[in-house]
Amino acid sequence: MARPRGSVRPRERPSGDAPRSKKPGKDKEEAARRSSKDKKSKASRKVKTLKTETCENEMEDFARAPGHVSVKAETEDGDFVAEKKGRKRVRENEPACSTSTLKKRKKVKEGEEDVGDDGKRAEKMQKKIIKKPKEEKAEQPVSSKRKKTKEEIEAAKLLKMKMKEEEEKQRWRWWEEEKYEDGVKWKFLEHKGPYFPPEYQPLPDNIKFYYNGEAVKLSQAAEEAALFFAQMLDHDYTTKDVFRNNFFRDWRKEMSLDERMLITDLNNCDFGELFRMHREKVEARRNTSKEDKQVIKEANQKIMEEYGYCMLDHHRERIGNFKIEPPGLFRGRGDHPKQGMLKKRLQPEDIIINCSKESQIPEPPAGHKWKEVRHDNTVTWLASWTENVQGSCKYVMLNANSKLKGEKDWEKYEVARRLKVCVQQIRAQYKQDLKSKQMSIRQRAVALYFIDKLALRAGNEKEEGETADTVGCCSLRVEHIVLHPELDGEHNVVEFDFLGKDCIRYYNKVPVTKKVFKNLKLFMNNKEGGDDLFDCLNTSMLNKYLTSLMPGLTAKVFRTYNASITLQEQLKDLSNMSDNQPEKLLSYNRANRAVAVLCNHQRAPPKTFEQSMANLQAKIDSRKEQLALAKSELKQAKKEVKTSSDGKQQAVVEKKKKAVQRCEEQLLRMEIQATDREENKQIALGTSKLNYLDPRISVAWCKNMEVPLEKIYNKTQRDKFAWAIDMTDLDFFF
DNA sequence: AAGTGAACTTAGGACGCGACCT
DNA sequence: AGGTCGCGTCCTAAGTTCACTT
């Protein structure tokens, strides 16, 4: 086990630190630094020889795998439970916040010793509730403002309903139609082509760029690039060497010969006036009057009307990204080797148009031509171009609420449901394969175990130096895991620490089976930190194998499957029909959160998080005082009823009772909100909701729980999932 | 069977706006 | 009336997968 441990991973985090937070940047950078350390050994890793070694003699016999393992059994020994571990993980890693806020928050959670125990909490909450409000709106205090516009509100409501109905009538119910033959995506496609950003406006004469203290009038191309840089001056990208060097190199390419001769050092450049002009423009935009804003809005609307839609098989469909990406400086994520490079302005000559032959072919802007017009109905894009920084293709495609996207989405979940019926067999198989004599099969088994249990991404190989150094399952390197035979009372713990997609850190400590642990030891034998953990495996081999087990099965299907099944199970466990609506929604969010944790969907904690938490706490405190007051008033009123036999007094008691009740409900709702927000600090729910959770699970849950769907899905999401909303009954089961 | 490119999904951050509060 | 805050939308980068080529 020769691992240059100390040299490769100089970690050991103070316990209060936030290992999973990505914002502090330090973690990210540290991890990036760490992983870029053995660049040399990484060079060797690119040349991957996929020989099939035998490992017969290297490994002692493993205990027999259980022949057939049910999901339930797995759950019992904690193997496939995402929720508990995941949540705990996040909590453990919560950054230290000031003790006072901590104390305050403790108060919110009064009476809940174990925050992780949802069942108990739900029970307690339930006890606290006096009565469930029937109609949320009805119990709102009637303010004078409300009274005034009551009729108007009614009218607006009615109008809304009508619009909704109208929209519903217009909706293309494509899911009720027959599918096209294989490969054909449309029969007719017509659109206006993409919308180009406005031309560059040269600087006014009073705004100057200075080199070595002297004003220099730049050529238009060089000036535009200079402005891109100046606009980012308040960002710390512009202080990074990689960014500056990339920018300067590309900028010089835009310069005239004379300019290139003169401007040889970025440090001698003074963008001050350009920067100030930019700041003023931003300021002016912020101060635009309401009327002007309205004008701009209407202009945008018009552009949207004209370019934002297409006709696809007789139906008007929204386009997702009809605007051509404006030029600027490339901002990759994380430690991107290409950050700062110039993203060029696209011309119609760069754009390929795709549409029906017999359609009205879009006109290129005056004086221009398209690169090409083609009529390929086996693809879904309307326009495409090659982007100059990475050299990859980009596309104009339809909005998520379109038939083309919806159908694909639906299909994705159907594939995941098919996995459900054979997942147990697949699991049993990869458990067997952990003992295979062939190294490649063993590695495949361990990789699959990770992908299934931890919802890791496949992990394609990436070209070094082209992108930030991030990995997925198959591209994990030895330096990304640490094996602990024993850790915190658990055996065979694997500690993961690597940067995944978008340079989001994945940090997790997971107990694994003995066989997996031993295999990992074997894989790491005689390797250095920068070497591939799975040197006999890649994603295409893995996916090839998976497809042979079930048509359509690839690594990412496991993510979809495990996400959706987790949601379904969590919803079943957490929610009760007897809960009131806020509680039900909290349960839903928690189920959603379990999935987000499983899939490692993180977000930067909102900048104003601490403040807004404190504000909410203050509101809760004042509400508590109000409640106490209301209670004592009620008591007083009750007393008076007894002494005086006045009928009026009874009414007063009733009134006070109602006040107390209302106070309690409001307090409860706020407390739930606080809990929800706190738990959500670093977790992004949107990604899983939009991409991994079969919407039919949520629709069925809403129907069963009698929760309005609007509480779960906003308008955009309801549009995207229209197919699911329409077809799902109460008894849907993923 | 490795390499490459096309096509499509998944991802987090920036930003603006409107709801809500003071 | 003015300020705050959270949500929704936009933006585009960064993945996965598959087909094709050599």
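Model, not experiment: these values are computed from the prediction. Chain letters run A, B, ... following the sequence lines, proteins first, then strands; residues in each count from 1.
Between A/Phe721 and A/Tyr713, the angle of the ring planes lies from 30° to 60°, which puts this pair in the tilted group. Ring planes of A/Phe229 and A/Phe243: tilted class, angle from 30 to 60°. The aromatic rings of A/His235 and A/Tyr237 lie parallel to each other, with less than 30° between the two planes, well short of the 60° mark.
Scored by the side-chain hydrogen bond (donor to acceptor under 3.5 Å, both in side chains) test, A/Tyr307 finds no partners at all (sequence neighbours excluded). Every residue two or more places apart in sequence or in another chain was checked for a salt bridge (charged side-chain N to carboxylate O under 4.0 Å, His left out) with A/Glu411, and none qualifies. Taking the side-chain hydrogen bond (donor to acceptor under 3.5 Å, both in side chains) definition, one finds that A/Glu280 meets it with nothing, sequence neighbours left out. Every residue two or more places apart in sequence or in another chain was checked for a salt bridge (charged side-chain N to carboxylate O under 4.0 Å, His left out) with A/Arg559, and none qualifies. The side-chain hydrogen bond (donor to acceptor under 3.5 Å, both in side chains) search around A/Arg279 returns none, not counting sequence neighbours.
Nucleic acid contact class of A/Ala555 (heavy atoms, under 4.0 Å, all strands): sugar-phosphate only. Residue-level contact check: A/Lys297 touches the backbone only, with heavy atoms under 4.0 Å from sugar-phosphate atoms and none from bases. Here A/Gly500 lies in heavy-atom contact (under 4.0 Å) with sugar-phosphate atoms only. Within 4.0 Å of A/Arg718, counting heavy atoms only, lies no atom of the nucleic acid at all. A/Gly459 comes within contact range of the sugar-phosphate backbone alone, with a heavy-atom separation under 4.0 Å but no base atom that close.
A salt bridge is absent between A/Arg374 and A/Asp376; no separation between the charged side-chain nitrogens and carboxylate oxygens falls under 4.0 Å.
DNA chain C is contacted by both A/Lys715 and A/Gly552; A/Lys715 maps to the nucleotide lying nearer its 5′ end (nearest heavy atom per residue). Mapping A/Thr539 and A/Gln390 onto DNA chain C by nearest heavy atom places A/Gln390 closer to the 5' end of the strand.
Sorted by first and then second residue, the salt bridge (charged side-chain N to carboxylate O under 4.0 Å, His left out) pairs with a member in residues 536-549 of chain A form an empty list; sequence neighbours excluded. Within the structure, the salt bridge (charged side-chain N to carboxylate O under 4.0 Å, His left out) test picks out the following pairs touching residues 386-404 of chain A (sequence neighbours left out): A/Glu325-A/Lys394.
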Residues A/Phe247, A/Phe228; criterion ring-ring contact (aromatic ring centres under 6.0 Å, His included); working and verdict:
CA-CA 10 Å; A/Phe247 164 71; A/Phe228 292 148; 8.8 Å; no
Go through the steps for A/Arg286 and A/Glu283 under the test salt bridge (Lys or Arg N to Asp or Glu O under 4.0 Å), then give the verdict.
CA-CA 5 Å; A/Arg286 191 174 315 137; A/Glu283 187 60 26; 3.2 Å; yes
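Rounding to whole angstrom units, CG of residue A/Asn460 and P of B/dA2 are separated by 14 Å. The distance between atom CD1 of A/Ile683 and atom P of B/dG12, rounded to the nearest whole Å, is 11 Å.
Bending across the helix from B/dA1-C/dT22 to B/dT22-C/dA1, expressed as the angle between its end axes from five pairs apiece, amounts to 10° (10° rounding).
Within residues 284-296 of chain A, the residues approaching DNA chain B are A/Arg285, A/Lys293, by heavy-atom distance under 4.0 Å. Sorted by residue number, the list of members of residues 298-305 of chain A with any non-hydrogen atom under 4.0 Å from DNA chain B is empty.
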Quick one, give me the B/S/- string for nucleotides 4-11 of chain B, reading 5' to 3', where B means a protein heavy atom under 4.0 Å from the base and S means that only happens at the primed atoms, P, OP1 or OP2.
--SBBSBS
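When the shell of 6.0 Å around OH of A/Tyr195 is examined, it contains 12 or fewer heavy atoms from other residues, nucleotides or ligands.
In this structure, A/His601 has its ring center closer than 6.0 angstrom to the ring center of A/Tyr692.
A donor-acceptor pair under 3.5 Å is formed between the side chain of A/Asn388 and the backbone N or O of A/Leu342.
With a cutoff of under 4.0 Å to any heavy atom of chain A, the contacted region of DNA chain C is bounded 5' to 3' by C/dC5 to C/dC18.
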